[in-house]
Amino acid sequence: MQAASGNEATLRQSGRMLLVGIHGAQRALRLYPLENAAVQRALDELVNVADALCHLEGAVEIRLSGDVIFVNQTRLRLGLDNFAAFSGFVATLKSCGIGVLHVEEGISRREWQVYLSIIAALPAGTDPEERLAIVQERLERSDVARLTVGPPTDTATSVGESAGADEGLERAKRTYARGVAAARDVVQGVRMGRMPSTRRLKRAIQAIVDQVMDNELSLTGLTTLREYDEYTFTHSVNVCIFAVALGKRLGFDRLQLYDLGLAALLHDMGKARLDTAILNKSSGLDDVEWRVMQAHPWLGTLTLFKMREGEELPYRAILAAHEHHMKIDLTGYPAPVRPRQLGLFTRLVAVADGYDAATTRRSYQDAPWEADAVLKEMWQNPGRGYDPILVKALINLLGIYPVGTCVILDTFEVAIVAGPGSDSEQLHRPLVRLAVDPNGLRISPPGTLVDLTAAGIDGTYLRSIVKVTTPDRYGLVVGDYFI
Ligand SMILES: [Fe+2]
Ligand SMILES: [Fe+2]
């Protein structure tokens, strides 16, 4: 790891703001003419952010290496909140053949304006190298001296920060965010009375399946990033991730996993037809509201039937939307008219759904359960109506302490579970990141990674989990320990 330059965290933060600023101005200029107030406002913001950063650093170099962005050699981490801006920014640079963007201190508003206008007016159909030459030539012709662009130089390894370990996480975050964006598209489409195409959704699900096939736990950790405040969409994506990971465990092949992923992602589609005031209610629901809420399975069925008219949508997805709250003893809702056996897709989706819903903080459920307690309840209480074999499979998949669980150790340290330990037989000894030291002091993220299967020379374990706790009690944001 390279020595921290100045204040790396500040640089990361301002670097991100600069990217969001450039992207915002670019987008505004694509939609409106230059003199439009929205464009001018976006430019104001960009100039302010860029000035502040140049003042701090002297000059700023934004470099693209693959899909990774470096600002003055500091790698920017992809956040789920600014994912759209990041990917838009990267796509624009790539399409213009730009690998490096260099900005000097004192860059004027006019210079930004010229650069953005050149990018917006580039002729379509030319190849990136040609486009880069055009950008360079036009910048020069317009006397823009404090902003230069250059071709990609692949120097990812020369900057010192190893990309390897983070690469997987970045890829996982992109896949996750793509799933959320696709789910949002479909839900909003249905809300507006349109029948959205599921093409984008299917591509996003394929990416999730590919990622789970590659490493089944790579995405489950992300389901704990609760601060991403879009419950409806993240819940669908989380259920999809858990269902696909479970399906993989059960030996489903890739095509079956695509169908299962689709069924899981669309299971709550009926909620898009409900009044958002009820969906987002912060207090408990009254009887009437509960009845409305309980209509979502059949509303989902109707919606998916309509969607199926123009698309390839497996019947099992429609069935899962209809049956996912029925419970295996059929005491749930909607009450079945005649005896039936719930299909495997339904039972899988129900387990994934129950687990995610109980561990997530929702508007009408302000204290989420800890993951281990949820698994225990699902396993031990038949009244919950889950298929016990599938609950067992979920426990085997996630461990007793799923990724993101906050635990107290016998060393008086507090840690966040990061993954399964090196001995897969010992479910109670996962890999953790230390977050609070024995004196109660917070360890700044990402914290040291410790394998709880590690033992001293006398064979006793160095650290063991005493109990599960809530991260709030220690002022911890679980997501910080993944980024
Ligand atoms: Fe549901
Ligand atoms: Fe659900």
Side-chain angles (χ1 to χ4, degrees), residues 176 179-180 182-184 186-188 190-191 201 205 208 219-220 222-224 226 228-247 260-276 278-281 284-285 289-305 307 316-336 342-365 368-369 371 374-375 377-378 384-387 390-391 394:
Y176 188 87
V180 173
R184 189 192 296 120
V186 176
V187 170
Q188 284 174 346
V190 171
R191 269 195 194 136
L201 195 65
I205 289 164
I208 289 175
L219 287 168
T220 53
L222 293 184
T223 60
T224 58
R226 308 287 190 214
Y228 195 48
D229 183 29
E230 285 190 275
Y231 176 71
T232 315
F233 319 121
T234 51
H235 171 63
S236 311
V237 175
N238 291 356
V239 174
C240 174
I241 289 168
F242 290 126
V244 168
L246 270 176
L260 175 63
L262 193 61
L265 217 133
L266 296 173
H267 79 281
D268 268 340
M269 200 44 65
K271 287 191 179 172
R273 297 272 199 89
L274 298 184
D275 185 351
T276 44
I278 294 182
L279 281 180
N280 301 326
K281 223 182 149 197
L285 299 176
E289 288 162 341
W290 256 119
R291 228 165 302 138
V292 173
M293 195 62 148
Q294 290 186 349
H296 82 266
W298 65 263
L299 283 173
T301 312
L302 295 183
T303 309
L304 297 191
F305 259 117
M307 242 174 180
R316 284 184 293 185
I318 303 179
L319 214 52
H322 184 60
E323 297 177 329
H324 71 279
H325 289 291
M326 268 188 192
K327 299 187 178 181
I328 50 167
D329 58 2
L330 307 179
T331 58
Y333 63 87
L342 303 186
L344 181 57
F345 269 34
T346 297
R347 284 176 284 141
L348 274 164
V349 169
V351 166
D353 179 41
Y355 175 75
D356 187 66
T359 50
T360 306
R361 186 186 301 266
R362 276 178 297 174
S363 45
Y364 54 91
Q365 179 211 327
W369 286 35
V374 170
L375 289 174
E377 171 73 10
M378 289 174 74
R384 297 275 172 186
Y386 299 111
D387 181 334
L390 298 182
V391 175
L394 184 67

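Order of appearance sets the numbers: ligands from 1, and atoms from 1 within every ligand. Source: prediction; values computed, not measured.
- Of all the N, O or S atoms in His235, the one closest to the Fe ion (ligand 2) is NE2.
- Counting only distance, with no hydrogens or angles, the side chain of Arg347 and the backbone of Ile328 share no donor-acceptor pair below 3.5 Å.
- Note that OH of Tyr176 and OG1 of Thr220 are 11.0 Å apart. Values are rounded to the nearest 0.5 Å.
- A donor-acceptor pair shorter than 3.5 Å cannot be found between the side chains of His267 and His296.
- Listed by chain and residue number, the protein N/O/S atoms under 2.8 Å of the Fe ion (ligand 1) are Asp268 OD1, His296 NE2, His324 NE2, His325 NE2, with waters left out.
- Leu390 places a side-chain heavy atom less than 4.5 Å from the side chain of Leu344.
- For the pair Val351 and Phe242, the minimum side-chain heavy-atom distance is 4.5 Å or more.
- The line from NE2 of His324 to CG of Leu348 is 14.0 Å long, rounded to the nearest 0.5 Å.
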